Trainee: 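I'd like to ask you about the structure that follows.
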Number of protein chains: 2
Amino acid sequence: MLLVENGPECRVTIKSVQDTMDILSGKWKLSIMCALSFSSLRFMDLVREVDGIRSKMLSSNLYELEINGLVKRTVLDTKPLTVSYELTEYGKTIKPIIHEMSIWGRHHRDKILGT
Amino acid sequence: MLLVENGPECRVTIKSVQDTMDILSGKWKLSIMCALSFSSLRFMDLVREVDGIRSKMLSSNLYELEINGLVKRTVLDTKPLTVSYELTEYGKTIKPIIHEMSIWGRHHRDKILGT
DNA sequence: CCGGATCCTTATTGATACTG
DNA sequence: CAGTATCAATAAGGATCCGG
C-alpha cells in the first residue's frame, strides 16, 4: 500500500518533504525519537542510547522536539531529580518515517559490507 | 510488503536510523531526491524545483549523492552544455522514506494551520 | 551523579559574484 | 547553463562549570 503512486492522498511534493525536514533535520532528532519510540527514557538513558551525542545537543534537541509537540518532558520526583522523556501521541505519528529509515539503513549497511 | 511490523528484518535500531541520516542528512538532500523521484532533471530545473536552494549547495549535495550511488549524472551534448541528473535504481529505494515524509509533512501542515 | 548552561572552536550553509 | 570562489552568517561540537 505504500507503493501506490496515485490517489489523492499520495501526492508527494517537495514542499511537504521540506516541511518535514524543517522539523526533523539535524543529526540527532530522528535518533532521539527512535530511542523514545520503544519506551520513555530519562536524560542520561538517552545519552547512553544515542551513540555519540553530547548532553548539550541532547538538551537542545529535546527542547525543540518538545516545542514542536513531538516529545513530552516530565520531571520525576525521585531522590536525585530525574527527567523522563516520551513521545507524545503526535510524536508517534513519525514512527513510519523512522521505520522506513531503519529498513533502508540496514539495507544500505548490508550493501556496503557485502560489496 | 513494507508494512510488516514483525519478523527478523524489522528490528528498528538507532544505529540503522543513524546510518540513514549519515547519507541523507542535511537540509536539501531529500528534497533533491524528491524532485528527481518524478523525472530526471537538469541542474537549473533543480534550482527552480527545490525552493530556496543555491547552486553551491545543490552542486555539492548532488556530488555527495552521486558518490553514494543514489544519483546518476549525465552530461548532455546540447548546444549550451547541460547536465541531467536522475535517481539510480539504488536511489529509488529511498522512495518509501520520501513518501512517508511527504505524508507527514502534509499532515503537519494541516495540523499547524488547522489549530 | 543528573540536567543542563556557558564559552570557545570548528564545520556547514548562505549571499553574491564570477568563469568556461 | 553548470558550476566555482569568496566571504559572512549560522549551526554543531568540545571542554568545562554549576545548582540540586
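These numbers were taken from a predicted model, which means no experiment stands behind them. Computation of the quantities below employed the complete heavy-atom set of this structure, encompassing side-chain atoms and omitting hydrogens, waters and symmetry-equivalent molecules.
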Trainee: Go through D/dA2, C/dG3, D/dA12 for me and flag the one nearest to the A/Val83 side chain.
Mentor: C/dG3
Trainee: Spell out yes or no: do the side chain of B/Ser55 and the base of D/dT4 have one donor N/O and one acceptor N/O closer than 3.5 Å?
Mentor: yes
Trainee: What's A/Lys27 touching, base or sugar-phosphate or nothing? Going by heavy atoms closer than 4.0 Å.
Mentor: sugar-phosphate
Trainee: I want to verify a distance call: between D/dT4, C/dG4, D/dA12, whose nearest atom is closest to the B/Ser59 side chain?
Mentor: D/dT4
Trainee: Let me know the distance between CG of A/Asp77 and P of D/dG20, rounded to the nearest Å.
Mentor: 16 Å
Trainee: Using whole Å, what does the distance between atom P of nucleotide D/dA15 and atom CE of A/Met57 come to?
Mentor: 14 Å
Trainee: Specify the separation, in whole Å, of atom CG of A/Leu46 and atom C1' of C/dG3.
Mentor: 12 Å
Trainee: What is the distance, rounded to the nearest whole Å, between atom CG of B/Leu58 and atom P of D/dT4?
Mentor: 11 Å
Trainee: For C/dG14, does either OP1 or OP2 sit under 4.0 Å from a side-chain N or O belonging to B/Arg54?
Mentor: no
Trainee: Check whether any side-chain N or O of A/Tyr85 sits under 4.0 Å from OP1 or OP2 of C/dG4, and answer yes or no.
Mentor: yes
Trainee: Check whether more than 12 heavy atoms from other residues, nucleotides or ligands sit under 6.0 Å from atom CZ of A/Phe38, and answer yes or no.
Mentor: yes
Trainee: Can A/Arg109 and B/Lys15 be said to form a side-chain contact (heavy atoms from CB on, under 4.5 Å), step by step?
Mentor: CA-CA 10 Å; A/Arg109 169 165 292 261; B/Lys15 190 96 199 62; 3.8 Å; yes
Trainee: So, A/Ser59 and A/Ser55: side-chain donor and acceptor under 3.5 Å apart, yes or no?
Mentor: no
Trainee: With a non-hydrogen cut-off below 4.0 angstrom, is B/Tyr63 in contact with a base, only sugar-phosphate, or nothing?
Mentor: nothing
Trainee: Please examine the side chains of A/Asn68 and A/Tyr90, heavy atoms only from C-beta on, and report whether any two atoms are closer than 4.5 Å.
Mentor: no
Trainee: When you get a sec, tell me which of D/dA12, D/dC1, C/dC2 is the closest nucleotide to the side chain of B/Pro80?
Mentor: D/dC1
Trainee: Less than 3.5 Å between a donor and an acceptor, one on the side chain of B/Lys56 and one on the base of D/dG3, is that the case here?
Mentor: no
Trainee: To the nearest Å, how far apart are A/Met21 CE and D/dA11 P?
Mentor: 15 Å
Trainee: When you match A/Gly26 and B/Leu62 each to their closest nucleotide on DNA chain D, which lands nearer the 5' end?
Mentor: B/Leu62
Trainee: By nearest atom, which of the nucleotides D/dG3, C/dT6, C/dG3 is closest to the A/Arg73 side chain?
Mentor: C/dG3
Trainee: Identify the heavy atoms of B/Met33 and B/Gly91 that sit nearest to each other, and give their distance.
Mentor: CE-O, 3.6 Å
Trainee: Can a side chain N or O of B/Trp28 be found less than 4.0 Å away from OP1 or OP2 on C/dG14?
Mentor: yes
